[in-house]
Each structure stands twice: as C-alpha cells, then as structure tokens.
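All ligand and atom numbering here is 1-based and tracks the order in the structure.
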Amino acid sequence: MQKIFVVGAGTMGSGIAQVFAENGFDVIIRDVDIKFVERGLGVIENNLKRSVEKGKITEEEKIKVLGRIKGTVDINEAKDVDFVIEAAIENMEIKKQIFKELDNVCKEGTILATNTSSLSITEIASSTARPEKVIGMHFFNPVPVMKLVEVIKGMKTSEETFNTVKELAQKLGKTPVEVNEAPGFVVNRILIPMINEAIGVLADGVASASDIDEAMKLGANHPIGPLALSDLIGNDVVLAIMDTLYSEFNDSKYRPHPLLRKMVRAGLLGRKTGKGFFEYK
Ligand SMILES: NC(=O)c1ccc[n+]([C@@H]2O[C@H](COP(=O)([O-])OP(=O)(O)OC[C@H]3O[C@@H](n4cnc5c(N)ncnc54)[C@H](O)[C@@H]3O)[C@@H](O)[C@H]2O)c1
C-alpha cells in the first residue's frame, strides 16, 4: 500500500493527510473547492514548520513530507490509489454520495474507509458494490498527536479488510482498537454522555462550571474537565452525537440535556465561537 486518497481537507482530513505523508505514503487530498484544499495544505505546512522550530524534524524532512502531498478537487484522481479515507462533513447523504462515486472510480481492490464519528458504517457501505471493503477508521483530534484509532467493522466488512486497516494504523504509529459497529462506537458512547451529565450537574446548580471541571480533573484524574472538553469538541458536535445516540438506541438515558440544546441555539458553541461554558479570547 503506497498511494492514499483523503476526501475532505478540513480539521481531520488535513491531519490524516499529514500523518500518512510523515510515514512515507504518497497522499492526494481532495475537497470540493480549491480554496478548501489550499487551506488544508496551509494547515499542514504550518504544523510542519512548528515541528522544525521545535527541533522535532529537519527542514529537509519538512520539504520531503510536503512533497508527498498533492491537492485536488477531482475525485477521478482516486482511480489508481490503494486506500481511501473519507473525512468530509458528518452527513449520511453526503457520505453515501461520496462512497458511491469512489466505488465507481477506484480499482476493485481498494479499501474505502470513513472517519465518521457516529454514523453507521453498514449504511455507508450499502451505497457501494464492495461492502466487504468498507470500514470505519476513526482518528482523534488532533490527528498528529492522538494515538488512538478505532477500527470499526460494519456488518459486511471482511476480516481481511479489518486486518489490513489495523496494520495500516500501526504503520502510522497509532494504536488500533477493534470495534463492532454500534452508535458512538466506544469512545463517544462513553465520553459524550459523561459530558452531557456534567451539563446536567451545572444546570441543577450543584456546582459552578469551573468547580465541576476542577472536580473531575482532580477527582477522576482527567487531563481536562468535561465542560472545557465540550467547548473544545464544539457543543454543536456534542449535541449531534447525543442526538444520534438517543435516536439510534431509543433509550432515555441518552437524552441530550436541554441546556446543551439551548446553548447551541444561542450560538455558544465553545472555542470556535469564543464562548461556550467558558470564554475564550
Ligand atoms: N473534529 C473532530 O474532532 C472529529 C474527530 C473524529 C472524527 N471526526 C469526523 O471527521 C469528519 C470530518 O470532520 P472535520 O472536523 O474535519 O470537519 P471539517 O468541517 O473541518 O471538514 C470537512 C471538510 O469536508 C469538505 N467536504 C464536504 N463535502 C465534501 C465532498 N463531497 N468531497 C470532499 N470534501 C468535502 C468540506 O469542504 C470541509 O473542508 C466528520 O465525519 C467528523 O464526524 C471529527
């Protein structure tokens, strides 16, 4: 496996492209508009520049890594790649459309992976004629830093596809965990309801936002409090994942807290809007 195609040049797509290129793979990164492609390539260049400044890599290594990444808006450039990872927006209809196109364009043996954080791999795979070669490869943000990759099997994903992707994650220096498809997979099914509960604790007036976070940092040994983490992930993203858990399981224990929904409606999305549970300059 040498040629990798990344769909989406946003936060995750650019991080994924960087990590593949740093590990010697040739990468093509595709977005719908050239300005998004260029923005993604700019983010990668800045990250590598910082690594040079910190002495983690040399200037020559930076140039080599950048030389392995090519941007495009043309999905037909996926025709002779060995592996595709999709990191476009979290929308089932858009992902199904992308997978249908990739299935038509790509070679027969090419594995099509998705970085979705909550959607059904089985449903995405149903838009292709190769469901045994469709799989979840769920990286965490920021991709160059976070070690975990959840490797998620859809209902028809083959063992061969699973083993290939597991090995691929290891080649990137990541630690893969095997996950059978279920809403929220492992991390988000546990993490996001915990954040939702912290929002309930805040709404009930049990403690202030900063005391809730301090309590969880010191009492549960978490590196960041649940409310600051929600602001970091984006409160809209947290709500979207709670909504998925609630609608998929139909279980009231996954009810998104009304305060979370109210904050999203008010545009208090966290870091990206400058205000969520805390304020950001
Ligand atoms: N942000 C996170 O912390 C995180 C973590 C794990 C997984 N994810 C998942 O990764 C995926 C991407 O998330 P993100 O945070 O990078 O989003 P983002 O909004 O930063 O980037 C998405 C990019 O996809 C592009 N895009 C939309 N339609 C496309 C198409 N048809 N072809 C190519 N590109 C297209 C958009 O123009 C945009 O640049 C989502 O499925 C998300 O759930 C996100």
Any donor-acceptor N or O pair under 3.5 Å, side chains Glu101, Gln97
yes
Does atom NZ (Lys166) have a neighbourhood of more than 12 heavy atoms from anything else shown, all under 6.0 Å?
no
Compile the protein residues with any heavy atom at a distance under 4.0 Å from an atom of ligand 1; present them by chain, then by number.
Val7, Gly8, Gly10, Thr11, Met12, Arg30, Asp31, Val32, Phe36, Arg39, Ala87, Ala88, Ile89, Glu90, Lys95, Ile98, Asn115, Thr116, Ser117, His138, Phe139, Asn141
Are Tyr246 and Tyr254 an aromatic pair, judged by ring center distance below 6.0 Å?
no
Between Thr161 and Ser158, do the side chains contain a donor N or O and an acceptor N or O under 3.5 Å apart?
yes
Quick check against the 3.5 Å criterion: does Ser230 have a side-chain atom that pairs as donor or acceptor with the backbone of Leu227?
no
How about NZ on Lys62, more than 12 heavy atoms from neighbouring residues, nucleotides or ligands closer than 6.0 Å, or not?
yes
